[in-house]
Amino acid sequence: MTITNPAADTFGMYTVGDKIADTKAPDTPIDKMWTTRKFDAALVNPSNRRKLSVIIVGTGLAGAAAAASLGEAGYNVQVFFYQDSARRAHSIAAQGGINAAKNYNGDGDSVYRLFYDTVKGGDYRARETNVYRLAEVSANIIDQCVAQGVPFAREYGGLLDNRSFGGTQVARTFYAAGQTGQQLLIGAYQALERQVAKGTVKEFKRHEMLELIVVDGRARGIVARNMATGELETHLADAVVLASGGYGNVFFLSTNAMGCNVTATWRAHRKGAYFGNPCYTQIHPTCIPVAGDYQSKLTLMSESLRNDGRIWVPKRAEDCDKDPRQIPEEDRDYYLERIYPAFGNLVPRDIASRQAKNVCDEGRGVGPKVGDFRRGVYLDFAESIERLGRAAIEEKYGNLFDMYAQITGESPYEVPMRIYPAVHYTMGGLWVDYDLQTSITGLYAAGEANFSDHGANRLGASSLMQCLGDGYFVLPNTIRDYLAHGPFEKVSPDAPEVAAALAAAKGRIDRLMSVNGDRSVDSFHKELGHIMWEYCGMERTEEGLLKAIGLIRSLREEFWRNVRVLGSADTLNQSLERAGRVADFLELGELMCIDALHRRESCGGHFRGESQTEDGEALRHDDEFLYVAAWEFAGGEDGVFGTPVLHKEDLVYKSIELKQRSYK
Amino acid sequence: MNLTLNIWRQDGPNAQGRMVTYQLADVSEHMSFLEMLDVLNEQLVEKGEEPIAFDSDCREGICGMCGLMINGKAHGPEVTTTCQLHMRSFHDGDTITIEPWRATAFPVLRDLVVDRSAFDRIIQSGGFISVNTGAAPESHSVPVPKAKADRAFESAKCIGCGACVAACPNAAGMLFMGAKVTHLGELPQGQPERWARVVKMVSQHDHEGFGGCTNTGACADACPKEIPLDVINQLNKDLLAAMRVRG
């Protein structure tokens, strides 16, 4: 590869490689592109499909939907997941809803408007072609789910109900109370289990992918550990799909499930798959604030609550420890309604989060003090309960209110909720082309595991849409174009590439088991999380990021010298599972900081203190940074992280005009 | 608060299990039950003892991965999942007994971790609506009365945790199955396979080694999602109707 621009301002942290010239989108007008691609993609005769095999890692909405759809089509599918059932993947925890351009309310929605809102919401850092396709397939997703028996909320006339979400002015969000993700995942899971019964899909539960097997430049299989027995297994196929979710747990505290991890995608990255925009993380504005050091995770309170809840803090710092019900209307600052009159409480997530941080930094936060500051703002339902009645609020949000009361011991029907931003979603992920193929031939990435659709900030109710869009409609149509060239030459289980991958996974486990140091895995994970939250969280600066990189490097060095993993590798061993994941987070964290350091602009969830407008909004630099940062791994063995190589994919906007984002 | 914990330890599926007693000091009432176990595990690692294996994932009460018998009750003293149970439900000086789900159909893998694959196989036997991707009609072509949609949703809230089985003196999986049969049976989309579905699911349930239902209602009491007992009536009604249809 040629290093074209070893810029002086890279601090020696990275080098710049070739640009990515082609994303493989058809050269047609945007509204014809997906039709063209589907038609041009080669077909596979039904009787040949069962001779072709696909490995899918992850059974969230993207993985389960893809596995079920490919199984229905007749391919031979093997699906791997770390939970004890495919139904438990973390898509299940999504609360608020799923967007679709159905325009059932006649409020001016359309495919183009959903596309436009998503690109704008992502602060013009998403790839136009992929987002347009997502908006196009969105309506089919709802049809598919309803046919599967997903019990969406309905009106008395029997038709589907909609609600509004942040960053939009139409109501296009379909929902099932506050547990939409659960209902959609159960739908996909049932479709998947139907294929298991038919024999087209084979499930490998309690299995974690530890290595990717690449033979002759093609992804041909994985090494997985059976977590119940400790056995290392190799599995081979014609293509591999990673639908293994996001990497928010690099922050230790996040709304992700305990087991969510980056290992599948990071192992692929180490084998040559580019990682796109790793610094784009979403800090969700409405989560239950941190209560103590023992805390293991943070809990989201759905964005849908912002439909009926009003966010405020006291105008004066001295009112912050008062009972909120005693603070009169004129002494409250409904700051989102004040600053953003057009969108009010429904501004996009990155903006709502940053403003919450700002008012708390000013000393106007509420709730118990954590350090010197109170880290919380009120989300108040008193007015809605007054206007609509308690029963109406209970029907819409009952399960969320119960969850809040369970965790905090306070009833939101009586006292305003206290909320604070928390890490929720990662827009970055494996770089993929229009076909969702990574930079490794035959390796695909779907759902949160890829980077493609949300730019620098994801709008609410769009992740469910993207996961199901990828899984049901996009991937099954694009992967067949690749599979049509197969079956590829059979890989022997004794092939050197297979043996090497197996040996690498085994060597890594042996090394983790033999360090026998003083510190638990969790203590390393918590420390990494603190570093990431402090320096690569809601606001990033050059000084902070440089400091973070130094801290991560020394923590990683200590980890491989001083981690303590007890027990044995050939049995169920949860410390060992976590150790492997934390080892990968310790490498990913550095790449995230390098990416955040190199992007000397603010966009969406990536807010650089050095780049803001006069009134404190994110200031983009389109002249310099209108590109996807796709990073190539250049390191060595475990724990050794070489100087990564940056490949730029220029973002081209033909259908949308670039603007400064405004929600005022 | 200070606690005495009696916890089931078992090295593997075929190993002999035993209760082991641990003392845990300075537990905050704001901790969740599983965070309390996290703290215990950190202390065990510190001492060089192997931590206790237990399942959990989302820790917000929706994935169904966690589930412990706490003082003989599935998910403990409150109507919620183990991960959403908080230590404010306990008192200083309490002794808490913690065991895995006990049922022939849910064998123990290690310590508090059990294998619930039998539930997946019940769903595989018929707990779905057969519609291939791309074959769905426009969603507004079939209106669903709100009352039916709401009952379908109430039943579909099941998280598959297995508390109903653990609480049942017969280790029956009837509430789990009834919830699915009711969810799909209430919807127009679920009608074509309605009778075949219930027969196949019940047959798989019995084959897996779950016990029979004797209407004790312990399942509905233990259900963290408050699935009502009448889904079992619905299951029995549908089964009877299915037998008639088949002759």
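Each chain gets a letter, A, B and so on, in the order its sequence line appears, and its residues count up from 1.
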Enter the distance from [X]:[atom1] to [Y]:[atom2] here, rounded to the nearest 0.5 Å.
X: D120(B); Y: E203(A); atom1: CG; atom2: CD; result: 5.5 Å
X: K198(A); Y: S130(B); atom1: NZ; atom2: OG; result: 6.0 Å
X: M65(B); Y: I92(A); atom1: CE; atom2: CD1; result: 12.0 Å
X: D84(A); Y: L109(B); atom1: CG; atom2: CG; result: 8.5 Å
X: S523(A); Y: E42(B); atom1: OG; atom2: CD; result: 6.5 Å
X: Q189(B); Y: C145(A); atom1: CD; atom2: SG; result: 11.5 Å

Between [X] and [Y] (salt bridge meaning N to carboxylate O under 4.0 Å), is one present in this structure?
X: E395(A); Y: K146(B); value: yes
X: R88(A); Y: D57(B); value: no
X: D115(B); Y: K205(A); value: no

Under 4.5 Å from any heavy atom of chain A, what part of [X] do you find: side chain, backbone, both or neither?
X: V45(B); value: both
X: D11(B); value: backbone
X: E138(B); value: both
X: I122(B); value: neither
X: L34(B); value: neither
X: E29(B); value: neither
X: S89(B); value: neither
X: R88(B); value: side chain
X: V142(B); value: backbone
X: H140(B); value: both
X: S125(B); value: neither
X: A147(B); value: neither

Atom [atom1] of [X] with >12 non-hydrogen neighbours under 6.0 angstrom:
X: D92(B); atom1: CG; answer: yes
X: K526(A); atom1: NZ; answer: yes
X: Q191(B); atom1: CD; answer: yes

Using atom types as modelled and distance alone, determine if a side-chain donor or acceptor of Q148(A) lies under 3.5 Å from a backbone N or O of F128(B).
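A pair under 3.5 Å: no.
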Is there a donor-acceptor pair under 3.5 Å between the side chain of Q124(B) and the backbone N or O of V196(A)?
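Not at all, since once roles are kept as given, no pair shorter than 3.5 Å links the two residues.
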Quick one: what part of [X] sits under 4.5 Å from any heavy atom of chain B, side chain, backbone, both or neither?
X: Q83(A); answer: both
X: Q144(A); answer: both
X: L298(A); answer: backbone
X: K102(A); answer: side chain
X: E577(A); answer: neither
X: R206(A); answer: side chain
X: S296(A); answer: both

How about [X] and [Y]: does a side-chain donor come under 3.5 Å of a side-chain acceptor?
X: S85(A); Y: R116(B); result: no
X: Q183(A); Y: K157(B); result: no
X: Q406(A); Y: Q84(B); result: no
X: E72(A); Y: T133(B); result: yes
X: T299(A); Y: E60(B); result: no
X: N132(B); Y: R194(A); result: yes

Go through the steps for D150(B) and R154(A) under the test salt bridge (Lys or Arg N to Asp or Glu O under 4.0 Å), then give the verdict.
CA-CA 8 Å; D150(B) 287 350; R154(A) 287 178 184 267; over 6 Å; no
Please rank [options] by heavy-atom pairs under 4.5 Å with chain B and give me the top one.
options: C260(A), A291(A), A176(A), G157(A); answer: A176(A)
options: Q295(A), Q179(A), H90(A), M403(A); answer: Q179(A)
options: L159(A), T255(A), I142(A), N399(A); answer: L159(A)
options: L185(A), T229(A), T571(A); answer: T571(A)
options: D143(A), N140(A), N573(A), L566(A); answer: D143(A)
options: L160(A), I407(A), I186(A); answer: I407(A)

Minimum-distance pair of heavy atoms, taken over all atoms of [X] and [Y]:
X: I159(B); Y: R87(A); value: C-NH2, 3.3 Å
X: F119(B); Y: Y189(A); value: O-OH, 4.4 Å
X: V146(A); Y: S139(B); value: CG2-CB, 3.7 Å
X: P137(B); Y: A147(A); value: CD-CB, 4.4 Å

Looking only at heavy atoms and a cut-off of under 4.5 Å, which of [options] has the most pairs with chain A?
options: S56(B), G12(B), C158(B); answer: C158(B)
options: G134(B), G190(B), P145(B); answer: G134(B)
options: D111(B), D55(B), L187(B); answer: D55(B)
options: R59(B), H183(B), E78(B); answer: R59(B)

Output all residues satisfying side-chain contact (heavy atoms from CB on, under 4.5 Å) with C223(B), sequence neighbours left out; order by chain, then residue number.
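For C223(B), the residues satisfying side-chain contact (heavy atoms from CB on, under 4.5 Å) (neighbours in sequence not counted) are L175(B), K225(B), I227(B).
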Chi angles and distances behind the side-chain contact (heavy atoms from CB on, under 4.5 Å) call for Y294(A), H30(B)
CA-CA 10 Å; Y294(A) 49 78; H30(B) 297 299; 3.1 Å; yes
Would E193(A) and R121(B) satisfy side-chain contact (heavy atoms from CB on, under 4.5 Å), going step by step from the backbone distance to the final call?
CA-CA 8 Å; E193(A) 296 305 302; R121(B) 289 188 292 268; over 6 Å; no
